[in-house]
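Remarks on the structure that follows.
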Amino acid sequence: MERTFIAIKPDGVQRGLISEIISRFERKGFKLVAIKIVVPSKEFAQKHYHDLKDRPFFNGLCEFLSSAPVVAMVWEGEGVIKYGRKLIGATDPQKSEPGTIRGDLAVVVGRNIIHGSDGPETAKDEINLWFKREELMAAKPLTSEAIALTEKKMDMS
Ligand code: GTP
Ligand code: MG
């Protein structure tokens, strides 16, 4: 099953948005298969954002990512890489739609509170960079019995 790497950046953690962000992914139906809170070193941040090394904001971005705790996660589900990016919204919160995480909760591009892998290759690389194999849980697939039970409960309420 498809997996993506999602990180709540230091600004998201400091602003108390961990549960808000996690709940948006959970409510959508994606499964959390790994989570930890870490302060990455600057070298680690540079590895994570290596594709941006020639951009003028690269140093500030890596300084910031390594300045305070980050919540690193792996989420699993059908289409989670692309749809995760949709939940997150555009890079610049001024251009993110309302209803997205950045659109609802952030204002400026340098403090856009969350990271999400941008494709299958980066998802694989970022999961391998941030997590050891044994840190990844196996998500239980949503069985047809579980779906039927959920629908039954909803009918009753
Ligand atoms: P991530 O999910 O964090 O990778 O963001 P993204 O994929 O939407 O954007 P991108 O990978 O191009 O940029 C990575 C991060 O660099 C962004 O999330 C921003 O925090 C930061 N960034 C991107 N563009 C700018 C910019 O023009 N100025 C500044 N200050 N920061 C930028
Ligand atoms: Mg990116």
Side-chain angles (χ1 to χ4, degrees), residues 1-96 99-142:
M1 180 58 86
E2 187 175 314
R3 289 177 168 184
T4 193
F5 174 72
I6 301 290
I8 305 174
K9 299 181 191 178
D11 47 341
V13 175
Q14 282 172 356
R15 289 179 50 206
L17 296 173
I18 298 172
S19 61
E20 166 78 37
I21 290 169
I22 287 179
S23 88
R24 290 184 183 218
F25 278 82
E26 257 188 337
R27 277 152 50 206
K28 173 67 183 165
F30 295 133
K31 299 287 173 214
L32 183 60
V33 295
I35 183 166
K36 62 183 170 186
I37 188 158
V38 284
V39 182
S41 66
K42 189 165 176 197
E43 292 68 34
F44 190 94
Q46 286 165 341
K47 261 191 211 164
H48 171 76
Y49 277 130
H50 66 91
D51 57 321
L52 299 172
K53 66 179 184 317
D54 298 327
R55 306 296 291 273
F57 55 83
F58 179 68
N59 189 54
L61 177 64
C62 295
E63 284 276 353
F64 181 61
L65 193 74
S66 58
S67 66
V70 170
V71 173
M73 299 177 281
V74 178
W75 286 87
E76 183 176 291
E78 199 173 317
V80 70
I81 300 173
K82 210 167 170 191
Y83 206 91
R85 298 270 297 181
K86 232 176 180 173
L87 286 178
I88 290 171
T91 307
D92 180 353
Q94 295 290 335
K95 296 185 181 133
S96 316
T100 64
I101 292 168
R102 287 171 178 160
D104 289 348
L105 304 168
V107 179
V108 293
V109 70
R111 296 292 182 270
N112 61 5
I113 69 173
I114 180 167
H115 161 83
S117 305
D118 60 12
E121 280 304 310
T122 37
K124 205 169 109 204
D125 291 349
E126 288 169 5
I127 291 168
N128 288 337
L129 176 66
W130 287 80
F131 288 96
K132 296 189 189 108
R133 187 190 286 265
E134 61 268 26
E135 290 176 309
L136 304 169
M137 302 298 123
K140 283 216 175 73
L142 201 53

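Each residue takes its place number in the sequence, starting with 1.
Counting only heavy atoms from C-beta outward, the side chains of S67 and P10 approach each other to under 4.5 Å. For the pair R102/I88, a side-chain contact is recorded, criterion being any heavy-atom separation below 4.5 Å from C-beta on. Between F30 and L87 the shortest side-chain heavy-atom distance falls below 4.5 Å. Looking at I114 and I21, their side chains come closer than 4.5 Å, going by heavy atoms from C-beta outward. Residues V13 and V70 have side chains not in contact (no heavy-atom distance under 4.5 Å, counting atoms from C-beta outward). Inter-residue side-chain proximity for C62 and F44 is flagged as unmet; no heavy-atom pair is nearer than 4.5 Å. Side-chain contact check for I101 versus I113: some heavy-atom pair is nearer than 4.5 Å. Under the 4.5 Å side-chain criterion, counting only non-hydrogen atoms from C-beta, E2 is in contact with I81.
Between K47 and E43 there is no salt bridge, since none of the side-chain N atoms of the basic residue sits less than 4.0 Å from a carboxylate O of the acidic one. In this structure, R3 pairs ionically with E76, as a charged nitrogen and a carboxylate oxygen lie closer than 4.0 Å.
The minimum heavy-atom distance linking K9 with L65 is given by the pair CG-CD1, 4.1 Å. In terms of heavy-atom proximity, E135 sits nearest to A34 at O-CB, 3.6 Å. When all heavy atoms are compared, the tightest approach of M1 to E78 is SD-N, 3.5 Å. Residues V109 and D92 come closest through the heavy atom pair CG2-CA, 4.0 Å. Heavy atoms only, all atoms of each residue included: A68 and P40 are closest at O-CD, 4.3 Å. The heavy-atom pair separating L52 from F57 by the smallest distance is CD1-CE1, 4.2 Å.
In this structure a side-chain-to-backbone donor-acceptor pair under 3.5 Å is missing from R111 to D11. Remark: side-chain polar atoms of S96 are not paired, donor with acceptor, to backbone N or O of G89 under 3.5 angstrom. Judged purely by atom type and a 3.5 angstrom limit, S117 uses its side chain to pair as donor or acceptor with the backbone of F5. Looking at N112, its side chain never comes within 3.5 Å of a backbone N or O of P93 through a donor-acceptor pair.
Atom NZ of K82 sits in a sparse spot, with 12 or fewer heavy atoms from other residues, nucleotides or ligands closer than 6.0 Å. Remark: K42 NZ is packed, more than 12 non-hydrogen atoms of other residues, nucleotides or ligands lying under 6.0 Å away.
Between F25 and W75, a ring centre-to-centre spacing shorter than 6.0 Å is recorded.
A cation-pi arrangement is not found for R55 relative to Y49, the charged atom failing to lie both closer than 6.0 Å to the ring centre and inside a 45° cone about the ring normal. Judged by the 6.0 Å distance and 45° axis criteria, K36 is positioned over the aromatic ring of F131.
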Might you work through the side chain to side chain contact (heavy atoms under 4.5 Å, CB included) test for E126 and H115, ending with a clear yes or no? CA-CA 11 Å; E126 288 169 5; H115 161 83; 2.9 Å; yes
For I22 and M73: C-alpha separation, side-chain torsions, deciding distance, then whether side chain to side chain contact (heavy atoms under 4.5 Å, CB included) applies. CA-CA 9 Å; I22 287 179; M73 299 177 281; 3.8 Å; yes
I would like to know whether V71 and I35 meet side chain to side chain contact (heavy atoms under 4.5 Å, CB included); could you show each step before the answer? CA-CA 7 Å; V71 173; I35 183 166; 3.9 Å; yes
Would I127 and L136 count as a side chain to side chain contact (heavy atoms under 4.5 Å, CB included) here? Give the steps. CA-CA 9 Å; I127 291 168; L136 304 169; 4.1 Å; yes
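Under 3.5 Å, the side chains of K53 and N59 contain no donor-acceptor pair of N or O atoms.
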